[in-house]
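First the structure, in the form of structure tokens, and then the observations on it.
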2 protein chains.
Amino acid sequence: MTVPSDRKQRLLDAAETLFCDNGFHATSLRQITTAAGANLASVNYHFGSKHGLIAAVFERFVGPINAERLRMLHDADGDAEAPDLEAIVRAFVAPPFRFRHAHQERAQRAMRLYGRTHSTADPSLHAIFVRQFDAVRQRFGAAFARALPDLPEADLSWRLHFLIGTMAQTMADPDRLAALSGGACDPSDVDATLSHLVPFLVAGMRAPRSDTVSPNPAPRAVAAPRGRRPS
Amino acid sequence: MTVPSDRKQRLLDAAETLFCDNGFHATSLRQITTAAGANLASVNYHFGSKHGLIAAVFERFVGPINAERLRMLHDADGDAEAPDLEAIVRAFVAPPFRFRHAHQERAQRAMRLYGRTHSTADPSLHAIFVRQFDAVRQRFGAAFARALPDLPEADLSWRLHFLIGTMAQTMADPDRLAALSGGACDPSDVDATLSHLVPFLVAGMRAPRSDTVSPNPAPRAVAAPRGRRPS
DNA sequence: GTCTATATCCTGATAGAC
DNA sequence: GTCTATCAGGATATAGAC
């Protein structure tokens, strides 16, 4: 009790790595226990089930990140009437990129896993995620509302959604950016990442209200290809 | 040959629906064939393997979307020296939202599936996606470079990455936005979605260059929780 | 707490009749 | 092209010795 089982930690570490590389569903308990040097039955003993292990892996790194977000948010707005928008954005997006692990490689993997789980198709995993995340989202929603008092509520909800999506995708898929930029961008450089991400998001949050822009032109539908078409 | 097998279409339809609801990996061929009223062996006959079916499902709806993107891009910039930024953004993000299927419900499901596949963990699925997508990405990258001639190349790559992420997440997870906005946002309204999304992205793309903003403050690391800590 | 051994079920794929 | 029947293997989970 005073010193948690080393096996348990190693199971979490191995699961985190394998989940990130291959996804939750494609990773078997056998792979995990083998990589951790543990027995197959140990997962059920420590975590009850595979689902319990997934939840434990996820909560282990999302907990500190959300705590740091709230801490930075408290420093940033401190009940001010008009808190600094950039500081709020930074409080939201910086912690997951600054997550540190014993090894930097593992920190990057955890970040990727975090970003990908944002848009997982599996409903039960989605539930784990949403439960941990929605409190943070609401707290930041209120801060953004104070920082952008003239923005209608609907616009604010949309933009918070966009902001989360931008962050999640940036975390989820750093390799593609590195490859397609021909080496011009280095997603492993946290400071560089934030120096691009934060201004992009701040500008987006400050965009003109949607009711002041012109309507959408050319609403041409994209036809779905069907096997048979009337001709 | 003249009339493609009805079974084949029904398999694609059923697979699309189930893949969207439960993910690729969690959906079995038995579920698909049962839903399609077909035999288990029919998948291997028509598509060779489950992987072949996944690729076929994906290509069926991503092909027309990318074609429409390129068509709209051609209309928008037409080799102009300084094409309209908003038109380029719209050419990129509008087609997937305007994708139409025989039933509107299915169109929404296809859109969700598309958005989620952007950040799939499975490497072989990722490959299917990237192959279809990178040509479009390069073409749009060139158009953005013409529309934003003063932006350094690295900034451009970063922002294109952000833009794609915002779009993907918006497509992937419409339900959460609807729930958390308390009904203020309606993600099923395509015009409303675009009227919020496009200004956000245009403003982000026009943000100040990253080398003109102040450096990042407070690089405090988020500590990873470990079982044992030196005390 | 950790192990072996096993139960039970489901997966993708295929052989071969029709 | 479509079917039935089946194969070979992997999945999670558990019972029970130590």
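Letters go in sequence order (proteins before strands), and every chain restarts at 1.
Pairs engaging residues 169-185 of chain A under the side chain to side chain donor-acceptor pair (under 3.5 Å) rule: A:R112-A:D175, A:D173-A:R176 [sequence neighbours left out]. Among pairs with a residue in residues 25-56 of chain B, those fulfilling ring pair (Phe, Tyr, Trp, His ring centres under 6.0 Å) read A:H25-B:H25, at least two apart in sequence or across chains.
Scored by the ring pair (Phe, Tyr, Trp, His ring centres under 6.0 Å) test, A:F140 finds A:F92 as partners (sequence neighbours excluded). Shown here are the ring pair (Phe, Tyr, Trp, His ring centres under 6.0 Å) partners of A:H161, two or more places apart in sequence or in another chain: there are none.
Contact of the B:V57 side chain with the B:R60 side chain is not registered, since no non-hydrogen atoms from C-beta on lie closer than 4.5 Å.
Using a 4.0 Å heavy-atom criterion, one finds that B:T33 contacts no nucleic acid atom at all.
Remark: B:D13 does not engage B:K8 in a salt bridge, criterion side-chain N to carboxylate O under 4.0 Å.
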Listing time: all N or O pairs from protein to nucleotides 3-6 of chain D that are below 3.5 Å?
residue : atom : partner : partner atom : Å
D:dC3   : OP1  : B:R7    : NH2          : 2.9
D:dC3   : OP2  : B:N39   : N            : 3.3
D:dT4   : OP2  : B:N39   : ND2          : 3.0

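One finds a side-chain N or O of A:H46 lying less than 4.0 angstrom from the OP1 or OP2 phosphate oxygen of C:dT2.
We find that NE2 of A:H25 is positioned 16 Å from P of D:dG10, with the value rounded to whole Å. In this entry the distance linking OH of A:Y45 with P of D:dA15 reads 15 Å, nearest Å.
Heavy-atom distances under 4.0 Å link DNA chain D to A:S49, A:K50 of residues 47-57 of chain A, given in residue order.
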